[in-house]
Amino acid sequence: MSYTILTAAEAAEMIHDGDMMALSGFTPNANPKAIFRELSKRAVRLHEQGIPFQVGVLTGASSCQSVEGDMAAAHALKFRAPFSTNKDFRDHTNLGEVDYEDMHLGHMAERLRRGFYGEVDWAVVEVSDYEEVDGVCRAYLTSAGGIVSTIVRLAKRIILEHNRFHNPNSRYLHDTWEPSEVWEDREVMDIHSPYDRIGNDYVSIDPRKIVGVIESNIPEEARAFREPDDEIMSIGHNVADLLANDMKCGRIPRQFLPVQSGVGATGNAVLKALGTSNRIPNFNVYSEVVQDAAIDYMLEGRIMYASATAMTVTNEALHRVYDNMDYFSKHLTIRQSEIANSPEVIRRLGVIAINTPLECDLYGNENSSHVCGSALMNGIGGSCDYERNGYISIFTTPSTAKGGKISAIVPMCCHVDSTEHDVDIIATEQGIADLRGKGPYRRAVEVIEHCAHPDYKQLLWDYLKHIAPMGHEPQHMRAALAFHDTYLRKGDMRLTDFAEYM
């Protein structure tokens, strides 16, 4: 069966106001870009004519500027889920222009199957190649898995974006699998190590749904994270030392455990510290993403095997993978997100979960997503999938931000993404707070003593010892958010005077 070849502009004209679109990709990688570059332009033209045009967009995780940044700026997003890190999207969402559901990434495919988002009008999937075998279109994915297996089955219509920037052999990295829709027939996810594969290297599509194929050659809109500075590297070394000591004490087996690390400079620093520590053996990664540092360590053999949902890497690192495909096809697996983020698999493998918050409070609650309670910064992504189910849950952050005007250690988080019940370790450049086996007051002492910046340490001691009334978890309801209130009024949390709140 031959497929109609469409230009990106022709494909964009097929999309109607109010349509729900589900996309390939996970982070800025493997998103369909050509159609959205035209769709945002079309939205602007229609709005100038007074014609309404907005769509819903569902993805595996965050996406790229062409999808959520330009579409938000064009006022073309009606609904968005489950995650974003894009500044333009953030700005327009904080203006109340986008209905955004911040959702655990491991839940997305299941929520789609259950109809929580209504009908999926379009699936738009970036592919490195495609072919028809026995009446079924086999679509070969590019640099990420995401929720493709589910969306192509549920969507009414499908557009393939054949991006020739990607090596067709990227197919050999993928393991695509979807659990049964019927609960009583649902199979065990038979993954007992990061290198186990349980599915196919392609996604099966009913060819009757495919309305056309867009030919493109567009590099990934990849993010290059800054090199870790001394402060951030000290966080990484603190984590590496903690894990090495846990291994020495027998809390971690001598062969070590798989590591999950979030996206960003701090995550790269932790991976770099683990990779360069002579106390940590060669290790595996079971994570949502692999970044540039992971690719380098894989080539060196320091990371023996990696499983992820995306290569969230620069285009240079992506081509290092493509140029060494014989090697990486044996050492890297890209999965669908509900497998990578599965509580069942994470718990079975004993994954060490390492993620980055905006702030942590004295008792171990953390906030990854909102500034001063209301302004969206990022979504929660898959951090909670891993932290709730990991063998050890670690949050890593510099102790201050904005030149010291903001403390990452606060009396009470202004928004909670992971609760104190799911957080084992907090790490800053100041040190490590080991919260395991400690009640609330001992946790607070640990966090202040080992993680707080010296500029804030006395304020936090004052709050704990003199302001908050004694109880199982001491909190003074008027003073608990004094740091945040002071920052909003005076621009510097260090100016907090608890007397104002008494």
Side-chain angles (χ1 to χ4, degrees), residues 173 175 191-197 225 228 232-313 317 320-321 324 327-335 339-342 345-356 382-383 385-387 389-396 424-425 427 432 434:
L173 302 173
D175 183 38
I191 297 172
H192 300 270
S193 70
Y195 47 80
D196 284 339
R197 294 190 180 189
F225 297 102
I232 294 178
M233 277 308 305
S234 67
I235 299 172
H237 292 307
N238 287 338
V239 171
D241 288 344
L242 168 88
L243 297 177
N245 289 333
D246 264 19
M247 188 169 59
K248 182 179 179 180
C249 295
R251 289 188 286 266
I252 294 175
R254 296 188 64 82
Q255 69 270 25
F256 210 56
L257 289 167
V259 173
Q260 175 263 338
S261 180
V263 177
T266 306
N268 262 334
V270 172
L271 202 61
K272 187 173 182 180
L274 293 175
T276 55
S277 173
N278 58 15
R279 302 176 65 195
I280 302 294
N282 293 343
F283 59 96
N284 294 319
V285 167
Y286 191 89
S287 187
E288 296 174 295
V289 300
V290 288
Q291 299 185 87
D292 284 31
I295 299 302
D296 293 337
Y297 284 130
M298 290 179 73
L299 284 169
E300 295 173 14
R302 191 72 174 99
I303 294 176
M304 299 179 292
Y305 201 94
S307 169
T309 301
M311 292 186 284
T312 305
V313 297
R320 283 202 297 280
V321 174
N324 294 276
Y327 178 83
F328 279 99
S329 65
K330 300 179 181 67
H331 294 271
L332 172 63
T333 294
I334 298 177
R335 304 186 190 277
I339 314 303
N341 289 52
S342 164
V345 178
I346 293 167
R347 182 64 60 88
R348 181 184 301 129
L349 298 185
V351 175
I352 298 170
I354 307 171
N355 289 282
T356 302
S383 61
D385 293 326
Y386 280 90
E387 296 296 342
N389 300 290
Y391 183 83
I392 303 173
S393 62
I394 303 173
F395 278 95
T396 60
D424 294 320
I425 308 291
I432 290 281
D434 189 342

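It should be emphasised that the depicted structure is a prediction, and the values quoted were computed from it without experimental measurement.
- Ser287 pairs by the side chain to side chain donor-acceptor pair (under 3.5 Å) definition with nothing, not counting sequence neighbours.
- Among residue pairs with one or both ends in residues 262-297, none qualify as ring-ring contact (aromatic ring centres under 6.0 Å, His included); sequence neighbours excluded.
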Counting only pairs under 3.5 Å, give me each side-chain donor-acceptor contact of residues 249-258, with atom names and distances, residues two or more places apart or in other chains.
{"residue": "Arg251", "atom": "NE", "partner": "Asp246", "partner atom": "OD1", "Å": "2.8"}
{"residue": "Arg251", "atom": "NH2", "partner": "Asp246", "partner atom": "OD1", "Å": "3.0"}

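- In this view, Asp196 satisfies the salt bridge (Lys or Arg N to Asp or Glu O under 4.0 Å) rule with no residue, not counting sequence neighbours.
- Asp175 is linked by a side chain to side chain donor-acceptor pair (under 3.5 Å) to Arg335, counting only residues two or more places apart in sequence or in another chain.
- With sequence neighbours excluded, no residue satisfies salt bridge (Lys or Arg N to Asp or Glu O under 4.0 Å) with Arg302.
- Asp241 pairs by the salt bridge (Lys or Arg N to Asp or Glu O under 4.0 Å) definition with Arg279, not counting sequence neighbours.
- Among residues two or more places apart in sequence or in another chain, the side chain to side chain donor-acceptor pair (under 3.5 Å) test is passed with Asn284 by none.
- For NZ of Lys330, the number of neighbouring non-hydrogen atoms (other residues, nucleotides, ligands) closer than 6.0 Å is greater than 12.
- The salt bridge (Lys or Arg N to Asp or Glu O under 4.0 Å) test applied to Arg347 returns no partner, not counting sequence neighbours.
- By the ring pair (Phe, Tyr, Trp, His ring centres under 6.0 Å) test, His331 pairs with Tyr327, sequence neighbours left out.
- Residues passing the ring pair (Phe, Tyr, Trp, His ring centres under 6.0 Å) test with Tyr195 are Tyr305, sequence neighbours excluded.
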Which donor-acceptor pairs under 3.5 Å do side chains of residues 265-275 form with protein atoms, sequence neighbours excluded?
none

